[in-house]
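Let me begin by presenting the structure, written as structure tokens, before commenting on it.
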2 protein chains.
Amino acid sequence: MRGALPPRPTSRDVAERAGVSQATVSLVLRDRWHGRVSPARAEAVRAAARELGYRPNVAARTLRLGRSRTALVVVPALTNEFFARVHAGAVRVAAGDDVGVVLYTSPLETGPARDPFASAGATLDGVLASSMAAEALAVLSGEGLPLVMLDSEPGTGAAATVNPDIAAGMRLVARHLLSLGHRRFAHVAADVDSWTFRERARVLAAELAAVRGARLVGTRRAPIGVPDGVLAAERALTAAERPTALVCDDDMLAVGACKAARRLGLRVPDDVSVTGFDDLTVATAVEPELTTVRLPGEELGAAGMRALLAALRGESPGATVLPVELVRRGSTAVPQEPAAPGAPE
Amino acid sequence: MRGALPPRPTSRDVAERAGVSQATVSLVLRDRWHGRVSPARAEAVRAAARELGYRPNVAARTLRLGRSRTALVVVPALTNEFFARVHAGAVRVAAGDDVGVVLYTSPLETGPARDPFASAGATLDGVLASSMAAEALAVLSGEGLPLVMLDSEPGTGAAATVNPDIAAGMRLVARHLLSLGHRRFAHVAADVDSWTFRERARVLAAELAAVRGARLVGTRRAPIGVPDGVLAAERALTAAERPTALVCDDDMLAVGACKAARRLGLRVPDDVSVTGFDDLTVATAVEPELTTVRLPGEELGAAGMRALLAALRGESPGATVLPVELVRRGSTAVPQEPAAPGAPE
DNA sequence: TCACGGGGGTTATACGTAACACTTCTGGAG
DNA sequence: CTCCAGAAGTGTTACGTATAACCCCCGTGA
């Protein structure tokens, strides 16, 4: 594949130029030379390497050492800003420890289509996987590499788990809306079968069940994205019993919900309150700005990579839960309608 | 780094189990066995490999072959949706040709901080780089690998260039606004020194210069992002001469511009028209939806990877220009104000 | 009968690096 | 003067794979 390129210099070329053996070159450049090579020769080796533009062959080094200081990061899709943040956090921490990151994007639902390990193009030391379905997890853990899961069911055979406190997030949303006086809710749910979304549904139902008169009048599933959010919210808002609050699993769905409300002539937040999840950039781009749960995506990726690096050192990081935060903005308010059913219109 | 993991089986293990030599295993699994190994033995080898869960060692293969079927993709930041799309397109095409992709994210302005080749964790066959500054390009081309540049100055020593038709895009924007009757423009420019943004500024200026009475009343630079877009647009809209149209280098900046207008009590598009660039998801999330130039990000990545694969096969793909499209939406309209200076208020 | 060709394998080697085990030399203690 | 310790290097090997080069045996045509 490399055409008629000038061949890359090897450590042997460096050795020849510096007038030493290849072993000495390796010692010097790996910084293992103290007390074994005289400072003058060490400097000569470094100079020769510099002059030739020498760069160690990664494949040879990996083969020799049996490890690569490279981790695989698996996320569903980078076009989802949340996962781009996770990736950025993971890369930041890995870089600080001089560990490389190879990325694999895998559809949320189906799991890896191609073999993530074969297509990685690198020998891998560990895996950091985010928001995967259980079957996908099985594929990943099958390799026997240290595995850290993000935003996934705890205690599923991974070396460690790092999760944002999803339950707390949904609890904050529910209590915020309840305290504003909302009683009829609809859940605009992400049409994805993974722990994080099951958890949201579970907690929402539990919180509403705990308050007299509060009810979930409907759940609409939609693939994450604005257009599908519009459709799902339209159906929720035109159902027999109209909810006063739309709880959305994701900011994109929430944006769709706001658009749907507007199309139906409903004002947000006066006629219907809308909440999101994630606190993406879009949450403050729209008008009104979204009330949402801030999930620390960058920190999630960073903490996950820290856990993976610890696992690679032989430690057992266990499970970590990251705090989340409710960001109150303009898309939620006291419902402007008869509060008690049966009251005159 | 790999703790007490069970050692991975090698081709020699497979050979032993199948009762053949290691060479035969390699021949069979590389599909080079026709006429050299009997079908029965070939099947036995494949069975043994399956039973052991054998997976060829990537490092050893790369070392032996001197190439890795792996390409480096360099983008400024994945949290920018446009580059996430570019990446997705590149990965899609590469996967179709059984080529892996390693990602490197590099700050737009400064170029690679860490060594992209050292941190790749893989031997690389080629490089696909997007929207890089000239100095960054120099670092990348220094390695002597086949290099394809995206959205960058044509003819800068790369094997090939693939660009969206930036000039046409800005021309469409300018003519659209001019035909609506706008004459006083401000440019909300991305504060990034790269070809693509210089090109936008150049074409905008040229188009306005070609129409009597049309003028650029100001240029405000801002880092790409909503908050900075707000600031820049606020300054543009409160300047002595208020523009009727804000031409933004990016949808994020345009969203910020819309927010700024609203804060100043100006209506979009009645009091001020706003245009974006890229057609990101956010463009249809906001109200009014953005008039913008759709840059085919996914296709850009795909075409770039196709060019790189061609270069790796020894062909010379040359320069490609991808068509762009003006998407007229709600953020532009005929200016609602005295068209001619000097007319009564 | 023998040379020969080809099917069906095997042996051996190289890729570039890291590091263990050795060698050589020098200076100082005994 | 001998012996030894340590400094300063070098020779050699192994990592796992792909493939060139070789080998053996059987059938066939001369």
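Chain letters run A, B, ... following the sequence lines, proteins first and then strands; every chain starts at 1. Because only heavy atoms are used, hydrogens play no part in the values below, and waters and symmetry mates are left out as well, while side chains stay in.
In this entry the distance linking CZ of B:Arg61 with C1' of D:dT19 reads 13 Å, nearest Å. One interatomic measurement links the two molecules: CG of A:Leu65 to P of C:dT17, which rounds to 12 Å at whole-angstrom precision. Rounding to whole angstrom units, CG of residue A:Leu52 and P of C:dG16 are separated by 14 Å. Atom CZ of B:Arg32 and atom C1' of D:dA21 are 17 Å apart (whole Å). Atom C1' of nucleotide C:dA14 and atom CG of B:Leu63 are separated by 8 Å, given to the nearest angstrom. What separates CZ of B:Arg55 from C1' of D:dT17 is a distance of 16 Å, to the nearest Å. The distance between atom CZ of B:Arg30 and atom C1' of C:dG9, rounded to the nearest whole Å, is 19 Å. One atom, CH2 of A:Trp33, and another, C1' of C:dC20, lie 21 Å apart when rounded to the nearest Å.
Listed by chain and residue number, A:Val14, A:Leu29, A:Tyr54 satisfy the side chain to side chain contact (heavy atoms under 4.5 Å, CB included) test with A:Ala49 (two or more places apart in sequence, or in another chain). With sequence neighbours excluded, the residues that form a side chain to side chain donor-acceptor pair (under 3.5 Å) with B:Glu315 are B:Arg313. With sequence neighbours excluded, the residues satisfying side chain to side chain contact (heavy atoms under 4.5 Å, CB included) with B:Glu298 are B:Arg92.
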Do nucleotides 8-13 of chain D as a string where each nucleotide becomes B, S or -: B if the base has a protein heavy atom under 4.0 Å, S if just the sugar-phosphate does, - if no protein is that close. BBBBB-
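Residue pairs meeting the salt bridge (charged side-chain N to carboxylate O under 4.0 Å, His left out) criterion with at least one partner in residues 33-45 of chain A, sequence neighbours excluded, are A:Glu43-A:Arg46, A:Glu43-A:Arg50. Residue pairs meeting the salt bridge (charged side-chain N to carboxylate O under 4.0 Å, His left out) criterion with at least one partner in residues 144-153 of chain B, sequence neighbours excluded, are B:Glu153-B:Arg198.
Using a 4.0 Å heavy-atom cutoff across all strands shown, B:Thr10 reaches sugar-phosphate atoms only and no base atom.
Distances shorter than 4.0 Å separate some side-chain N or O of B:Ser11 from OP1 or OP2 on D:dT17.
At a threshold of 4.0 Å, the pair B:Arg85-B:Glu81 counts as salt-bridged, since one of the basic side-chain nitrogens sits closer than that to a carboxylate oxygen.
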